[in-house]
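First comes the structure, then the notes that go with it.
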Amino acid sequence: MAEPLPLRPPPPLLDDACALFLDVDGTLIEFAARPDAVQLLPDVREAIGRISDRLEGAVALVSGRPLEQLDQLFAPLKLPAAGLHGHELRAQDGHVVRDEHVEDTADWLHALHQQAMRFAHGHPGVLVENKGVGLALHWRGAPHAVNDVRAFADRHIRGRASYRLQPGDHVVEFVPVATNKGRAVRRLMQYLPFRGRLPVFLGDDLTDEFGFDAANGLHGWSVLIGEREPSAAVFALPDIRSVHAWLRENAY
């Protein structure tokens with residue numbers, strides 16, 4: 001009996017008219033118990049740098065991490081990037097644009113962080129990540145606490161019109177309501193060297209669906225890493241190792 005065809009085919013190789021947008025965690029690097037414990041393979045960094053040279057700089061990172069963390073992780077490579085799901089945006093010229101808040105949220109965020117720390121103290125293994133403009137609750141180290149984490153998040157987002165909850169892989173984040181990876185892709189596509197190119201977006205989790213929608217809407221390619229359903233992605237690669245292989249193949 002013939003093997004069933006995969007739901008989504010693998011992506012073709014990039015051509016010189018493409019612009020490449022890369023999620024980081026779960027796409028280029030494996031998840032770790034703590035966000036600061038991850039590592040990027042040197043040859044993968046080198047492959048991304050070669051692709052950037054080939055595409056005249058039209059390669060960007062699109063991540064929930066802040067730009068500072070991305071630069072540390074990818075050093076000495078410094079790429080155009082969207083950090084904090086697009087709240088921070090850096091084009092090729094290095095200029096960083098940050099979204100303005102629609103209302104004063106400093107007091108609310110400070111109180112939320114204090115309450116989240118108390119919550120985590122009562123749920124060992126839950127990690128609170130303060131992102132300045134937002135906050136993330138990770139339960140990778142406490143999978144049994146998932147329902148309590150979600151209930152905490154639901155309770156504290158109530159009545160906050162300027163923020164929304166963004167679920168991810170063993171994480172839920174409080175993010176500004178207008179901030180998402182799709183908006184980041186569309187904004188970067190307005191800048192050179194991205195302008196006029198075909199966007200190709202690679203990502204693995206729910207935060208990346210915004211990027212898939214943006215790439216599809218701009219007649220580009222969307223590439224899901226893994227087998228999660230449902231997804232707007234058109235192409236797929238089965239795992240991070242296959243992403244690395246695809247990048248190496250595109251680097252030459």
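All residue numbers refer to positions in the sequence shown, counting from 1.
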Min side-chain heavy-atom separation Phe235-Pro10 under 4.5 Å:
no
Side chains of Leu165 and Arg150: closer than 4.5 Å at any heavy-atom pair?
no
Give a yes or no on whether His144 atom NE2 has more than 12 heavy-atom contacts from other residues, nucleotides or ligands under 6.0 Å away.
yes
Got more than 12 heavy atoms from elsewhere within 6.0 Å of CD, Gln114?
yes
Between Ser231 and Arg8, does a side chain to side chain contact (heavy atoms under 4.5 Å, CB included) hold up when you go through it step by step?
CA-CA 10 Å; Ser231 176; Arg8 297 179 181 84; 3.5 Å; yes
Indicate if Val223 and Leu198 have the same hydrophobic cluster label, given that clusters are the connected sets of ILVMFWY residues with side-chain heavy-atom separations under 4.5 angstrom.
yes
Please check if the side chain of Asn180 supplies one atom and the backbone of Arg183 the other of a donor-acceptor pair under 3.5 Å.
yes
Determine whether Arg90 and Leu70 satisfy the following criterion, side chain to side chain contact (heavy atoms under 4.5 Å, CB included), listing intermediate values before the conclusion.
CA-CA 12 Å; Arg90 181 176 66 214; Leu70 293 175; 5.9 Å; no
Quick test of your reading of the model: are Glu88 and Lys131 salt-bridged, counting only N-O distances below 4.0 Å?
no
List the atom of Phe194, the atom of Leu188, and the distance in Å for their closest heavy-atom pair.
CB-O, 3.4 Å
For Pro11, the option from Leu224, Leu237, Val234 that meets side-chain contact (heavy atoms from CB on, under 4.5 Å):
Leu237
Are side-chain heavy atoms of Glu173 and Glu129 found at a separation under 4.5 Å?
no
Return the CZ to CD1 distance between Arg241 and Ile225, rounded to the nearest 0.5 Å.
14.5 Å
Testing the basics here: between Ser52 and Val59, what is the closest heavy-atom pair and its distance to 0.1 Å?
CA-CG2, 3.6 Å
Would you give the length of the straight line joining atom NE2 of His138 to atom NE2 of His170, rounded to the nearest 0.5 angstrom?
12.0 Å
Hey, does the side chain of Arg195 reach the backbone of Gln190 with a donor-acceptor pair shorter than 3.5 angstrom?
yes
Please check if the side chain of Arg54 supplies one atom and the backbone of Asn250 the other of a donor-acceptor pair under 3.5 Å.
yes
Is the shortest heavy-atom distance from the side chain of His123 to the side chain of Leu137 under 4.5 Å?
no
Determine whether Tyr163 and Leu109 satisfy the following criterion, side chain to side chain contact (heavy atoms under 4.5 Å, CB included), listing intermediate values before the conclusion.
CA-CA 11 Å; Tyr163 270 71; Leu109 285 168; 3.6 Å; yes
Are Met117 and Val172 linked, directly or through intermediate hydrophobic residues, by side-chain heavy-atom contacts shorter than 4.5 Å (ILVMFWY only)?
yes
Quick one: which of Leu89, Leu61, Val96 gives a side-chain contact (heavy atoms from CB on, under 4.5 Å) with Leu67?
Val96
Would a 4.5 Å heavy-atom cut-off, applied to side chains only, mark Phe201 and Thr27 as touching?
no
Leu13 CG to Trp246 CH2 distance, which is reported to the nearest 0.5 Å
7.5 Å
Electrostatic pair Arg228-Asp205, nearest N-O below 4.0 angstrom
no
Would you say the side chain of Phe119 lies within less than 4.5 Å of the side chain of Asp148, judging by non-hydrogen atoms?
yes
Could you pull out the closest heavy-atom pair between Arg45 and Leu77, with the gap in Å?
O-CD2, 3.7 Å
Looking at CZ of Phe174 and NE2 of His113, how far apart are the two atoms once the value is rounded to the nearest 0.5 Å?
12.0 Å
Give the cluster check for Phe152 versus Leu135: same hydrophobic cluster or not, with ILVMFWY residues linked at side-chain heavy-atom distances below 4.5 Å.
yes
Atom of Met189, atom of Ala19 and distance for their closest heavy-atom approach:
SD-CB, 4.4 Å
Kindly say whether Leu192 contributes a backbone atom to a donor-acceptor pair with the side chain of Arg197 at under 3.5 angstrom?
no
To the closest 0.5 Å, what do you measure between CG (Leu55) and CZ (Arg50)?
13.5 Å
Let me check something: do Leu41 and Ile48 share a hydrophobic cluster, defined by ILVMFWY side-chain heavy atoms less than 4.5 Å apart, either directly or through other members?
yes
Co-membership, hydrophobic cluster, residues Trp221 and Val185, 4.5 Å side-chain
no
Kindly determine whether Phe210 and Gln166 satisfy side chain to side chain contact (heavy atoms under 4.5 Å, CB included), including the steps that lead there.
CA-CA 11 Å; Phe210 295 101; Gln166 175 59 67; 3.2 Å; yes
With a 4.5 Å cut-off on side-chain heavy atoms, are Leu247 and Leu28 touching?
yes
Write down the atom of Ala116, the atom of Val128, and the distance for their closest heavy-atom approach.
O-CG2, 3.5 Å
From Glu68 atom CD to Leu84 atom CG, the distance as rounded to the nearest 0.5 Å
10.5 Å
Side chain to side chain, Asp43 and Arg248, heavy atoms closer than 4.5 Å:
yes
Do Gln115 and His156 have a side chain donor and acceptor closer than 3.5 Å?
yes
Phe212 and Gly203: which non-hydrogen atoms are nearest, and at how many Å?
CZ-O, 3.4 Å
Short question: side chain of Arg164, backbone of Thr179 - any donor-acceptor pair under 3.5 Å?
yes
Asn216 side chain to Ala232 main-chain N or O, any donor-acceptor pair under 3.5 Å?
yes
